[in-house]
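We name chains A, B, ... by the order of the sequence lines, and we start the count at 1 in each one.
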2 protein chains.
Amino acid sequence: MTGFNNFFKSAFTVDNVIFGFDEGDLKVLLIKRGEDPYEGKWALPGYFVYPNEDLDSAAVRVLKELTGLTDVYLEQVKTFGTVNRHPFGRVITIAYFSLVKINRYKLQPASIALKAKWHSISEVKQLAFDHKEILDSCFERLKWVVRTRPVGFELLPPKFTLTELQHLYEAILETDLDKRNFRKKILSMDLLVDLDELQEGVAHRPAKLYQFDREKYEKFLSEGFSFELKESKKKEVKKEPATNS
Amino acid sequence: MTGFNNFFKSAFTVDNVIFGFDEGDLKVLLIKRGEDPYEGKWALPGYFVYPNEDLDSAAVRVLKELTGLTDVYLEQVKTFGTVNRHPFGRVITIAYFSLVKINRYKLQPASIALKAKWHSISEVKQLAFDHKEILDSCFERLKWVVRTRPVGFELLPPKFTLTELQHLYEAILETDLDKRNFRKKILSMDLLVDLDELQEGVAHRPAKLYQFDREKYEKFLSEGFSFELKESKKKEVKKEPATNS
DNA sequence: AATCTTATTGTAAAATTGACAATATCCCTA
DNA sequence: TAGGGATATTGTCAATTTTACAATAAGATT
């Protein structure tokens with residue numbers, strides 16, 4: 001292997017776009033960096049991959065150290081490796097996204113982070129490194145995944161209402177959906193269990209609670225079933241309210 | 001950056017799944033490795049990424065050195081980084097796939113390759129490293145891409161018949177398609193130019209030649225058009241002829 | 001001119017999508 | 001407990017898309 005030594009001078013990290021859903025809004029978990037580079041800047045949680053660690057394991061570790069969660073949906077999206085993206089040397093990063101039930105855990109700021117905080121996707125304007133670009137890629141991927149596989153449920157509590165589910169899809173796809181058509185479509189897939197329970201603590205007619213039937217989904221999958229939501233017209237672009245200028 | 005030095009001992013490569021289409025069959029370009037490790041084994045063309053080289057550039061370089069082609073469709077798919085996947089040390093690889101017009105070039109076996117050869121996808125059983133897994137991932141991705149964006153044309157000569165196009169889709173999607181329905185669907189997208197030319201040299205009624213209208217496609221895209229072929233039932237699984245056993 | 005081979009084309013039934021608004025139910029307050 | 005408030009729930013019809021299906025057309029070959 002003489003001659004190859006020059007190649008063994010790089011490092012790689014994983015960065016994790018952790019999505020959550022709260023108050024009708026799609027959120028991403030960001031950390032305020034506690035060390036160089038970009039100390040004090042908001043960034044995606046991530047870290048170097050250890051020499052004896054698989055990539056997926058590293059992504060799981062980063063997630064666990066920050067949130068304490070282990071059993072979550074996690075998927076590799078894309079690798080970013082522009083030559084000068086990291087001030088310490090050649091560092092490429094493998095981007096993952098994960099979907100967590102936002103109320104299920106307590107943030108556990110890892111040593112690398114001064115603090116961690118949920119941000120509304122739409123309000124994230126810039127981040128350390130090339131993390132904004134990574135976030136955008138993962139958001140695009142999420143849009144596709146959510147139309148293609150029933151993973152939306154990973155973002156909701158185990159019991160949810162159809163309206164909550166619809167709001168989730170609307171937030172992710174950035175469209176408005178027709179209530180009646182959405183319900184028809186979702187229910188026709190026969191992946192939800194009607195729990196015969198009602199929402200509590202709301203000051204109006206409570207909605208029925210449903211649960212995702214994972215077993216049935218696995219069964220469908222093995223029979224060649226394909227979850228598919230049609231792409232629809234874009235929600236008209238929100239006009240930025242004309243700010244002072 | 002004290003303490004991080006231990007991370008800067010890795011390397012990364014790009015591996016390229018180069019698809020072509022010939023004789024009604026989807027092909028992949030493999031090389032017989034001319035050096036360690038796995039010398040003499042069939043593998044995906046790939047190489048280390050140079051310290052001052054972007055990932056995409058490396059993929060382009062690998063493709064060019066092998067085929068002489070530069071202006072081809074190329075897309076990053078996934079990164080593979082199992083700890084012990086490479087005998088020389090920690091080496092992760094970023095997998096790309098590309099689509100080439102198989103008759104448009106002469107193979108130029110690079111220094112790393114004893115020889116390069118097109119293999120029918122279905123006949124590739126095992127490869128060096130984890131390359132078979134990489135190939136499978138890229139093939140899956142191609143199936144999705146081809147239903148989602150009109151990139152199939154990248155695999156055909158500039159002028160092609162509708163039957164050729166259909167055979168291409170059938171090879172990639174591993175399904176049979178209905179002739180009339182396929183034509184209706186494709187033509188209704190209004191992305192093909194009827195060249196008013198006929199196929200030559202065939203011993204039967206010659207078919208009309210068409211050309212992909214890239215400009216029109218760009219225009220449609222900017223207007224929010226979405227190319228979409230519906231997923232269809234799987235072609236019934238070919239039963240392996242019972243071999244001697 | 002007859003034959004061979006592949007190209008080309010249409011129609012009707014079925015399934016899906018998309019648009020659209022009235023009624024039902026529970027909570028809360030007076 | 002009656003009325004108002006708020007959201008939940010539900011159905012129909014038109015339009016579009018998908019699917020299944022086979023007869024005729026046209027150039028090449030003999």
Side-chain angles (χ1 to χ4, degrees), chain A residues 23-24 147-148 156-157 159-170 173 175-211 220 224-236, chain B residues 23-24 147-148 156-157 159-170 173 175-211 220 224-236:
Chain A
E23 299 164 348
R147 289 201 303 114
T148 280
L156 293 176
K159 302 174 179 184
F160 50 86
T161 70
L162 291 182
T163 302
E164 285 165 351
L165 186 61
Q166 181 177 345
H167 288 338
L168 170 64
Y169 274 91
E170 289 177 336
L173 299 175
T175 26
D176 290 321
L177 300 171
D178 179 89
K179 209 189 315 194
R180 275 172 290 188
N181 293 340
F182 178 78
R183 283 160 180 254
K184 249 181 305 182
K185 179 84 183 181
I186 290 288
L187 289 176
S188 75
M189 289 176 180
D190 199 25
L191 289 175
L192 296 187
V193 186
D194 181 340
L195 291 172
D196 265 320
E197 285 179 62
L198 295 181
Q199 209 179 14
E200 280 174 20
V202 289
H204 55 77
R205 174 176 177 181
K208 290 202 282 186
L209 291 173
Y210 290 84
Q211 192 171 38
F220 283 170
F225 161 89
S226 129
F227 180 90
E228 202 154 337
L229 290 176
K230 195 78 173 251
E231 188 164 6
S232 55
K233 291 94 189 160
K234 280 181 201 133
K235 184 192 279 185
E236 61 270 40
Chain B
E23 298 164 350
R147 290 202 301 115
T148 281
L156 294 175
K159 302 174 180 185
F160 50 85
T161 70
L162 291 183
T163 302
E164 285 166 350
L165 186 61
Q166 180 177 348
H167 288 337
L168 170 63
Y169 274 91
E170 289 177 335
L173 299 176
T175 29
D176 289 322
L177 299 171
D178 180 90
K179 207 188 318 193
R180 274 173 289 189
N181 294 339
F182 178 79
R183 282 158 181 256
K184 249 182 301 181
K185 179 83 184 184
I186 290 288
L187 289 176
S188 75
M189 289 177 182
D190 199 23
L191 289 174
L192 296 187
V193 187
D194 181 340
L195 291 171
D196 266 321
E197 287 179 59
L198 295 180
Q199 209 180 11
E200 281 175 18
V202 288
H204 55 78
R205 175 177 177 180
K208 289 201 282 187
L209 291 173
Y210 290 84
Q211 190 171 39
F220 283 169
F225 162 89
S226 129
F227 179 90
E228 201 155 337
L229 290 175
K230 195 76 172 253
E231 188 164 5
S232 54
K233 289 95 189 160
K234 283 184 200 126
K235 184 191 282 187
E236 61 269 39

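- Using a 4.5 Å heavy-atom cutoff, the side chains of F220(A) and L191(A) are in contact.
- The minimum heavy-atom distance linking D196(B) with D194(B) is given by the pair N-OD1, 2.8 Å.
- A heavy-atom distance below 4.5 Å is found between the side chains of L162(A) and L187(A).
- Against DNA chain C, the stretch residues 159-166 of chain B makes heavy-atom approaches under 4.0 Å through T163(B).
- Across the protein-nucleic acid pair, E228(A) atom CD and dT18(D) atom P stand 11 Å apart, rounded to whole Å.
- Looking at heavy atoms from C-beta onward, L198(A) lies out of side-chain contact with L209(A) at the 4.5 angstrom threshold.
- In this structure a side-chain-to-backbone donor-acceptor pair under 3.5 Å is present from Q166(A) to L177(A).
- Contacts of residues 178-197 of chain A with DNA chain C (heavy atom under 4.0 Å): D178(A), R180(A), N181(A), K184(A), K185(A).
- Between L156(B) and Y210(B) the shortest side-chain heavy-atom distance does not fall below 4.5 Å.
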Are there any protein N/O atoms within less than 3.5 Å of an N/O atom in nucleotides 26-30 of chain C, and if so, which ones and at what distance?
{"residue": "dC26(C)", "atom": "O2", "partner": "R205(A)", "partner atom": "N", "Å": "3.0"}

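- Nucleotide dT18(D) holds its P atom 13 Å from the CG atom of L177(B), rounded to whole Å.
- In this structure, D176(A) atom CG and dC20(C) atom P are separated by 14 Å, rounded to whole Å.
- The residue from K179(A), Q199(A), R183(A) that alone fulfils the side chain to side chain donor-acceptor pair (under 3.5 Å) condition with T163(A) is R183(A).
- Looking at Y169(A) and L229(A), their side chains come closer than 4.5 Å, going by heavy atoms from C-beta outward.
- We find the CG-NZ distance between D178(A) and K185(A) to be 13.5 Å, quoted to the nearest 0.5 Å.
- From T148(A), atom OG1 reaches atom CD of E228(A) across 6.0 Å, with rounding to the nearest 0.5 Å.
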